[in-house]
A.B. asks: 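I am attaching a structure below and will ask some questions about it afterwards.
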Number of protein chains: 2
Amino acid sequence: MQLSKSSQYAIRILSYMANHKDSKVMTATELSEKLDIPYKFLTKIMTDIVKAQLVISIRGRDGGYAFAREPSEILINDILEIFHDAIEDEQCVLGIGFCNGITKCALHDQWMEPKMLMQKMFRESTLEKIAGQGCKI
Amino acid sequence: MQLSKSSQYAIRILSYMANHKDSKVMTATELSEKLDIPYKFLTKIMTDIVKAQLVISIRGRDGGYAFAREPSEILINDILEIFHDAIEDEQCVLGIGFCNGITKCALHDQWMEPKMLMQKMFRESTLEKIAGQGCKI
DNA sequence: TTCAATTACTACTTATGGGTAGAAATTAAA
DNA sequence: TTTAATTTCTACCCATAAGTAGTAATTGAA
């Protein structure tokens, strides 16, 4: 019961970038070193994030990554969706295909409250919000 | 962000058994058919659950599986622990090693409430409780 | 004792996530 | 135009989860 490495890294990367909005672009090298994330893995993840249009990439000399939208407009849930880690409404915690109001799994009722709270948190936390907390990593 | 197949299957199996306490032992064949879980995978999981002493196994003819303790004494969290799916107190949602009250990850504060609620749910839901809800699967 | 019904064990295969290597493409500046 | 700094692409490798196959061990009953 945890987030994938890709989601963990992505959240750390983007929250770090949001924390350093003064520098317009940040390179993969800098992010990799500052956040202690394997360089090659980081570039792979960043390519996914660029395709999802949360950031833009500038290739070539003096290139790097920059936000495509304001950090106040980017939700943690947007990041989780890229790596298929978001908690979907219709998805059953026990993995059965017909878990709804009528036929439901053994944990359906108990799971409802923590699930809703988690979804709410992921869907209401913007990068700007979590960045302004004095977190360095 | 979801449980492993092993945990999902295990919860379904044990909650099914708790729902059918009249039959003392249940065979792997019956569980596999009723719950639509691959037979070989089910027996592998059951062996782990037996080792964790939640159920006992009776080998040989007329054998099968039976509870080692009352379903009212078995928590969902006990099952998650077997397959390393439980949410540990000290485990950071972003996977950093020094996430505590002083130095904390970007999501630390936001994660606290849903995490606590989830832990509480897994640690307070007994098999008996979730079984008595008219769930067949 | 033999047989059939059962779980346990060992070893394998397949799928997926995490991670790495090398080269290609792009671009600003010298 | 050349060079160096960058991202991107393709193709791998490794570890683990998920699932399968075959056989050994156990046991009640005929």
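Side chains included, hydrogens not; waters and symmetry mates left out as well; all remaining heavy atoms used. Each chain gets a letter, A, B and so on, in the order the sequences are listed, and its residues count up from 1.
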A.B. asks: For A:Thr27, report the nucleic acid contact type (base, sugar-phosphate, nothing); a contact means any heavy atom under 4.0 Å.
C.D. replies: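 Sugar-phosphate contact only.
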A.B. asks: B:Lys5 side chain N/O closer than 4.0 Å to the phosphate oxygens (OP1, OP2) of C:dA15?
C.D. replies: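 Answer is no, no contact under 4.0 Å.
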A.B. asks: If each of B:Ile58 and B:Lys40 is mapped to the nucleotide of DNA chain D with the nearest heavy atom, which maps nearer the 5' terminus, i.e. the 5' end?
C.D. replies: B:Lys40
A.B. asks: Using heavy-atom distances to pick each residue's nearest nucleotide on DNA chain C, tell me which of B:Lys51 and B:Gly63 is more 5'.
C.D. replies: B:Gly63
A.B. asks: Indicate whether OP1 or OP2 belonging to C:dG19 is found under 4.0 Å from a side-chain N or O atom of A:Tyr9.
C.D. replies: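 So the side chain of A:Tyr9 is within the cut-off, an N or O lying under 4.0 Å from OP1 or OP2 of C:dG19.
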A.B. asks: What's the CD1-C1' distance between A:Ile56 and C:dT26, to the nearest Å?
C.D. replies: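 Taking atom C1' of C:dT26 as the reference, CD1 of A:Ile56 is at 15 Å.
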A.B. asks: Could you state the atom-to-atom distance from CZ of B:Arg61 to P of C:dT1 in whole Å?
C.D. replies: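 The answer, rounded to whole Å, is 18 Å.
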A.B. asks: Between A:Lys21 and A:Glu128, is there a side-chain N and carboxylate O pair less than 4.0 Å apart?
C.D. replies: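 A salt bridge is absent here (no side-chain N lies under 4.0 Å from a carboxylate O).
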A.B. asks: Can you measure B:Phe41 atom CZ to C:dT7 atom C1' for me and round it to whole angstrom units?
C.D. replies: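 Value for this atom pair: 17 Å.
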A.B. asks: Consider the side chain of A:Ser4, meaning its heavy atoms from C-beta on, and name the nucleotide among C:dT7, C:dG18, C:dC9 that approaches it most closely.
C.D. replies: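 Looking only at heavy atoms from C-beta outward on A:Ser4, the closest nucleotide is C:dG18.
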A.B. asks: Looking at A:Glu113, I'd like to know if its CD atom is crowded, meaning that more than 12 non-hydrogen atoms belonging to other residues, nucleotides or ligands lie closer than 6.0 Å.
C.D. replies: no
A.B. asks: Within less than 4.0 Å of OP1 or OP2 of C:dA8, is there a side-chain N or O belonging to B:Thr47?
C.D. replies: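 Yes, within the criterion.
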A.B. asks: Look at the side-chain N and O atoms of B:Tyr39 and state whether any lies under 4.0 Å from the OP1 or OP2 oxygen of C:dT6.
C.D. replies: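 Indeed not, no polar side-chain atom of B:Tyr39 lies that close.
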A.B. asks: Tell me: CE of B:Met26 to P of C:dT7, nearest whole Å?
C.D. replies: 12 Å
A.B. asks: Contact class for B:Thr29 vs. all strands (heavy atom < 4.0 Å): base, sugar-phosphate, or nothing?
C.D. replies: nothing
A.B. asks: May I have the distance from A:Ile45 (atom CD1) to C:dG19 (atom C1'), rounded to whole angstrom?
C.D. replies: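 Distance check: A:Ile45 CD1 to C:dG19 C1' gives 10 Å.
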A.B. asks: Tell me: NZ of B:Lys44 to P of C:dC12, nearest whole Å?
C.D. replies: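 It is 14 Å, rounded to the nearest whole Å.
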A.B. asks: First and last nucleotide of DNA chain D touching chain A, 5' to 3', heavy-atom cut-off 4.0 Å?
C.D. replies: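 Nucleotide range with atoms under 4.0 Å of chain A: D:dA5 to D:dC9.
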A.B. asks: State whether B:Lys115 and B:Asp109 are salt-bridged, where the test is any N-O pair (Lys NZ or Arg NE/NH1/NH2 against Asp/Glu carboxylate O) under 4.0 Å.
C.D. replies: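 Salt bridge absent between B:Lys115 and B:Asp109.
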